[in-house]
Amino acid sequence: MGFSLLRLLVLGLCLLAASSWSLAFQSDELLIDDEEFGLEGGVQSKSHDLGYTRSQPSTTTRKRFSDSDSDSKIQFSLEHAFGDSDFSQTGTFTARLKTWNHGGQTLTKLRFSRNAFTTEDKEKFELLLQSDDFYRIRLPSNVLSPPGKDFVISSVKARCLPRDGLDEHFVIHTDGVNILAVNYGAPGACPYPRQMKLPAKWSFNSHTVLKNSEQAPRAPIFTEEILGGEAGEGEVVKPPERSFWAKYWMYLIPLGLIVMNAITQAMNMPEEQAAGQSAGQTQQPAVVQRGPTSNVRRR
Amino acid sequence: MAMAIRAFLLLFVLFLSSMKPSFSLYEDQVGLMDWHQKYIGKVKQAVFHTQKTGRKRVVVSTEENVIASLDLRHGDIFWRHVLGSDDAIDGIDIALGKYVITLSSNGSILRAWNLPDGQMVWESSLQGIKPSKSISSVPANLKVDKDNVILVFGKGGLHAVSSIDGEVLWKKDFVAESVEVQQIFQPLGSDVVYAVGSDASSQFHVYQINVKNGELLRHNAATFPGGFSGELVLVSTDILVGLDSATRSNLVTINFRDGEISFQQTYVSNLVGDSSGTAALLPSKLPGIFAIKTNALVIFIRVTSEGKLELVGKINDPAVFSDALLISEGHQVFALLQHGDGKIHLSVKPVHDWSSDLLKESTVMDQQWGLVHKIFINNYIRTDRSNGFRALIVMEDHSLLLLQQGEIVWRREDGLASIVDVTTSELPVEKDGVSVAKVEENLFEWLKGHMLKLKGTLMLASPEDVAAIQGMRLKSSEKSKMTRDHNGFRKLLIVLTRAGKLFALHTGDGRVVWSLLLPLLRNSEACENPTGLNIYQWQIPHHHAMDENPSVLIVGRCGRSSNAPAVLSFVDTYTGKEINSFRLTHSVVQVIPLPITDSTEQRLHLIIDVDHHAYLYPRTSEAISRFQLEFSNVYWYSVDRDNGFIKGHVLKGNCIQKLADEFCYDSKDIWSIVFPSDSEKIIAAVTRKLNEVVHTQAKVIDQDVMYKYVSKNLLFVATVPPKASGEIGTATPEESWLVVYLIDTVTGRVLHRMTHHGSQGPVHAVFSENWVVYHYFNLRAHRYEMSVVEIYDQSRADNKDVLKLVLGKHNLTSPISSYSRPEIVTKSQSYFFTHSVKAIAVTSTAKGITSKHLLIGTIGDQVLSLDKRYLDPRRSVNPTQAEREEGIIPLTDSLPIIPQSYVTHALMVEGLRGIVTIPAKLESTALVFVHGVDLFYTRIAPSRTYDSLTDDFSYALLLITIVALIGAIFVTWVLSENKELRDKWR
């Protein structure tokens, strides 16, 4: 029963926190989205793909027990380096490793706790800010047997990070238990002439996103019926209603021009009459013969 | 009724052809703006046609896996077959006087081709387990009435194949014996086949096999301590010669007469005298004689019937010799070719008499052709009934020449069959001032030409005159001039061939304007096995340096491995002279042309070596000062396909090395992507072309503006599981998937990642503007597919507010930084495509306004032009009216192949390897150069030539119309004047 419920939820909520239902304990913490939804839906609001946690420097990760044997908790560490220095540990990612019936494993429910900068770190970071150098981070490429094949490295110009505090944004691309790549940077823009700016607070404001590969759209496969149906459908489809302007602009513009022309004509007319000719504009040709612009008029 | 249907069909076809944006040619337009050249590649082996009555032909096999029959008089190709790239030809021969026998694919496929027309007669595949050396032997005394066998050794077994139908008569396996067979031969007129070879424990084996049934008659073995180095040379039916592997200076004669194997050793120094160092045995087929090569000498040694060795002759090293040729019963000759003071000296000698020469000729050779690599000789009966000889020689630049009577009868530029890289160069600007003499000459020529043309039109011209008129038309035609033209159609194609030779081809008619055998890419002691890698535009004179000639940079390396030292060469593209060349101390894995030029318009290049050091070229202080400004903005990436890494690098500072070099920089990694080795293997990585121009940054979609994400730093990567990286069919759909990535190469950000389940490579991809199109195989649907991914920028989407634009509150002018988090949207769609693909390219035009076409090199060696609109991710089954107006084509599951849209029309570019598109100055037109074994060039206009009049535009009609109009104006003016006058008098 619990299993079928789980299945339903998987389908319904697109893997969203499916495993947590089988747990006896549920955290009241604001959790990170397990997965980013595909971009198929077109425009995406910015907040949609961003689950974020405000990590307290001294958070002790609560021990969680797991009564389901398909889940296990794993930890892997984030390491950082200032410029060309060596890497040192600076934070821990905690995630649930979910084992699927077909044998695949996926990481879900990523949580992140970051150590605060020590004074030494702060000095190093300030140096980075002054020289506009890289702040580098790395993660193991395999979470089960770190570091796996190698570390995945990402870096950002240090001057991109300071805002109010230090804003950082991780996008971790995973494939099962492997981490393919990590993208690290500021959550927003980092305009090019990077200004030297010290953060007001030396605490990190971390956002993390876990990303899996999305499915490619299949090539459309047409069967005979669809093609037949399409032919019948042809006349049913009505062109969408367009606005008045879109429909008749080609008539309206000349009309407008004519009207404007008429107005200017009308403006000129009184002057011409004032010029003293008693003869009207629409006279017989015989009368106009002596007029100065006879040729033009007659054509 | 039938008429009506036909009429309807015709109308329908007309309607279709008017709808499809194809640019098909009329039959008489072929060859007007395209050219096609056929080549065969470097000749490996040649067999002359010995039939007395037949036409004079030679059959050749080449390194491009081509087998061709050439006309001996003119060098034209009678017929030609290009075997697949994995089907290398091991040997050719003529059997039964009418079949050409080829052995290919490491001795596993034997084919017979009909000699006169090249039709395949039979094919038989030889089974075997072990890959081994492959040898084919066709007995020489073939008589048509007997069922003759062809003996083939391949795949670890000896096969006897009937030459009539290709049936395998018997097979003798040598796999169990673990003997590596070196030679097989059948003494003349005997029924015994000898197979000789040695095994791992340096035992030497001789097998005697009955040719009738494959029965093993006798097997002898003897141990030679130390074993042999390299090949054994068969000197006579019972003597072999080899070199011992220990010192390589000790000649071993192996005598196996009557089954008894005896070894006899002779030191090379004893024979030659002053020889020091090692010798190498040259492969030869001369009865009683073999040749060795020491320091700078080629030494011929005769083996007497007692097995004694005696020195016959010594010649200086750059020399080649042919196999023995039987000219009459018991009389064999061979040819010897030596170099000397710009000439080659050919001599033909009888095998048994070194001192006499049957023929001695000298021929002047072009220095650009290099050394002679191979020689094949053939005899003919002269008019005075004596023996004449002709020699087919293969040069260092892979060209093929026929020498006869001391003259070059013909020459084929077959190096062009193996092009490594292509770039273009502009032609010189036409000078205004022309000398008087030239004008006079031109005047005379002009008069003569007009006389000829007049004769032609009055039907008075003789055939010679007609030919002259034709030639004049070709010569005087605008397209083959050596100056720049207004439309930018005339250019030089600079191509680098595998032989290390640089050619400049004129786009007008494809002729070779100049050629240069690069000295640093020639085999020498300092640089063995040099390989040419790429050509880069080094200097394109622009504003500052108009008087300078443009030049190109050729990058190569000494040796095949990537850590071999690099060589650079700079060549002037107008004159074809080498300006400068360097042998570098470091290696080259990547060359980055920087977007910076110095004051003489020389482009700065960074060369990255295997240790990730970057070297700046040109090595001038000005270059450094300009480079320092952009120092922190240089990013590059490297793709390690074997280990599954992609890494990003930046420069760190000057090299910390043994000796200070201010042009050398260290680098550091700033990002890395690691693909799990068990599930993903990189099979394709494609970026945008650096010189591509994007005209429109935005696209209107559903009456809404979408901004294209046109970053130049995008990389498309495709991976498959290692299991599925083999050929199609080796993996099941369940265990195969294709993952595609779009990666920003500055930050290493994965912008998009998408999985195609049940698909596998090979992947061919092309990246242009904001889209990628890639081609792969769908295992589930059993069809090839093509997918498109388009990338749009969301962060600039706010800009479409007109009010904001007016008020200047837009971010269009703010610099774009890769460190900002991009907000992108991708759209993708897949379509089925019928062909498998060899190469994909996209048309590029000067300003990027003209719509794009994909150029697809199909498996049939043709180039198909496919409108990008067919690969629009927005195609739907029922496009709305608005979408139709935008030009969206209704969705179909597969991409159409319209026969008229083949760019190559009726021609084939055999062995197609690459498609290069070059923008012309005329916006509507792109130049297309396709290379493989053949070359093809044409120009195409994807949206038709909207900016120029077509060639068949009637200027006369226009002129007549204008004249008529002017006339009409005058007439009406006079008439109206008259009328007015009349009216006034009324």
Side-chain angles (χ1 to χ4, degrees), chain A residues 38-40 42-44 46 84 132 134 136 138 141-142 148-157 160 169 171 173 175-194 211-222 226 230 233-234 237 239-240 242 289 295, chain B residues 632 643-645 647 650 652 668-677 679-680 738-740 743 747-750 752-757 778 781 783 785 787 794-795 797 814-817 819-821 823-832 873 877-878 880-882 891-894 980 983:
Chain A
L39 294 167
E40 296 145 322
V43 187
Q44 227 173 359
K46 198 170 154 188
D84 302 329
D132 192 20
F134 290 101
R136 299 196 287 165
R138 72 177 187 187
S141 69
N142 190 313
K149 203 161 139 190
D150 202 349
F151 288 99
V152 289
I153 306 171
S154 187
S155 49
V156 71
K157 289 275 186 185
C160 287
H169 185 262
V171 183
H173 294 266
D175 175 36
V177 295
N178 294 307
I179 295 178
L180 297 177
V182 56
N183 304 147
Y184 181 70
C190 180
Y192 171 58
R194 288 180 285 270
K211 267 194 181 182
N212 262 319
S213 178
E214 59 182 270
Q215 275 271 25
R218 287 249 190 108
I221 296 172
F222 290 116
I226 295 176
E230 189 201 353
E233 242 176 301
V237 176
R242 284 182 299 172
Q289 254 180 15
N295 255 335
Chain B
S632 62
N643 300 319
F645 290 123
K647 284 183 177 171
V650 284
K652 203 160 77 172
K668 62 181 176 189
D669 298 355
I670 52 163
W671 56 266
S672 69
I673 294 171
V674 180
F675 294 105
S677 48
S679 64
E680 294 191 36
L738 177 79
V739 193
V740 297
I743 296 164
T747 57
R749 212 180 275 277
V750 178
H752 186 57
R753 178 174 164 215
M754 197 163 78
T755 312
H756 294 268
H757 286 287
N778 187 333
R783 288 214 254 180
E785 272 186 8
S787 283
Q794 278 296 302
S795 61
S814 64
I816 295 164
S817 167
Y819 288 107
S820 302
R821 210 168 76 90
E823 295 165 51
I824 62 154
V825 166
T826 57
K827 289 173 182 285
S828 68
Q829 180 65 273
S830 304
Y831 301 96
F832 292 121
V877 178
N878 280 312
T880 60
Q881 196 58 38
L891 185 69
T892 48
D893 57 348
S894 56
E980 200 176 324
D983 285 348

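For the numbers below, each heavy atom of this structure counts, side chains included, while hydrogens, waters and symmetry mates do not. In this text, all values refer to a predicted model and were calculated from it rather than measured experimentally. Letters A, B, ... are given to chains in the order of the sequence lines, protein chains preceding strands, and every chain is numbered from 1.
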Q: Between B:Lys652, B:Lys647, B:Arg783, B:Arg749, which residue shows the highest count of heavy-atom pairs closer than 4.5 Å to chain A?
A: B:Arg749

Q: Give, for atom CG of A:Asn183 and atom CH2 of B:Trp671, the distance between the pair rounded to the nearest 0.5 Å.
A: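 The CG atom of A:Asn183 sits 10.0 Å away from the CH2 atom of B:Trp671.
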
Q: Looking at A:Val171, A:Asp84, A:Val182, which has the largest count of heavy-atom pairs under 4.5 Å with chain B?
A: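 Going by pairs under 4.5 Å, I would pick A:Asp84.
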
Q: Quick one: side chain to side chain donor-acceptor pair (under 3.5 Å) partners of B:Glu785, sequence neighbours excluded?
A: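 By the side chain to side chain donor-acceptor pair (under 3.5 Å) rule, B:Glu785 matches B:Tyr776, B:Asn778.
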
Q: With the side chain counted from C-beta on, respond yes when B:Pro676 and A:Asp175 share a heavy-atom pair under 4.5 Å apart, and no when they do not.
A: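 Sidechains of A:Asp175 and B:Pro676: in contact.
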
Q: Considering non-hydrogen atoms only, spot the tightest contact between A:Pro217 and B:Ser830 and give its length.
A: O-OG, 3.1 Å

Q: With a 4.5 angstrom heavy-atom cut-off, which part of B:Val650 approaches chain A: side chain, backbone, both or neither?
A: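 B:Val650 touches chain A through side-chain heavy atoms alone.
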
Q: Between B:Arg753 and A:Glu214, which heavy-atom pair has the shortest distance, and what is it?
A: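 Looking at all heavy atoms of both residues, the closest pair is O-CG, 3.1 Å.
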
Q: Is B:Thr747 in contact with chain A via its backbone, its side chain, both, or neither, using a 4.5 Å heavy-atom distance?
A: backbone

Q: Could you look at B:Val750 and say if it's the side chain, the backbone, both or neither that has a heavy atom under 4.5 Å from chain A?
A: both

Q: If you measure from NE2 on B:His756 to CD on A:Gln215, what distance do you get to the nearest 0.5 Å?
A: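 Answer rounded to 0.5 Å: 9.5 Å.
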
Q: Where on A:Ser154 is there a heavy atom nearer than 4.5 Å to chain B: the side chain, the backbone, both, or neither?
A: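 For A:Ser154, the contact with chain B is made by backbone and side chain together.
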
Q: Counting only non-hydrogen atoms closer than 4.5 Å, does B:Ser787 touch chain A with its backbone (N, CA, C, O), its side chain (CB onward), both, or neither?
A: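 When you check distances to chain A, no heavy atom of B:Ser787 falls under 4.5 Å.
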
Q: Report the distance from atom OG of B:Ser677 to atom CG of A:Asp150, rounding to the nearest 0.5 Å.
A: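 It is 11.5 Å, given to the nearest 0.5 Å.
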
Q: What's the spacing between A:Phe134 CZ and B:Tyr819 OH if we round to 0.5 Å?
A: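 Rounded to the nearest 0.5 Å, the CZ-OH separation comes to 3.5 Å.
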
Q: When you measure from the side chain of B:Ser672 to the backbone of A:Phe151, do you find a donor-acceptor pair of N or O atoms at a distance under 3.5 Å?
A: yes

Q: Report the option among B:Met754, B:Gln829, B:His757 that has the most heavy-atom pairs separated by less than 4.5 Å from atoms of chain A.
A: B:Met754

Q: For the residue pair A:Leu180 and B:Glu680, what are the closest heavy atoms and their distance?
A: CD1-OE2, 4.0 Å

Q: Determine the option with the most heavy-atom pairs under 4.5 angstrom with chain A, choosing from B:Val674, B:Ile743, B:Asp669.
A: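 Of the options given, most contacts go to B:Val674.
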
Q: Do you know which of A:Val152, A:Asp132, A:Asn142, A:Val177 has the most heavy-atom pairs with chain B at a distance under 4.5 angstrom?
A: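 The option with the most such pairs is A:Val152.
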
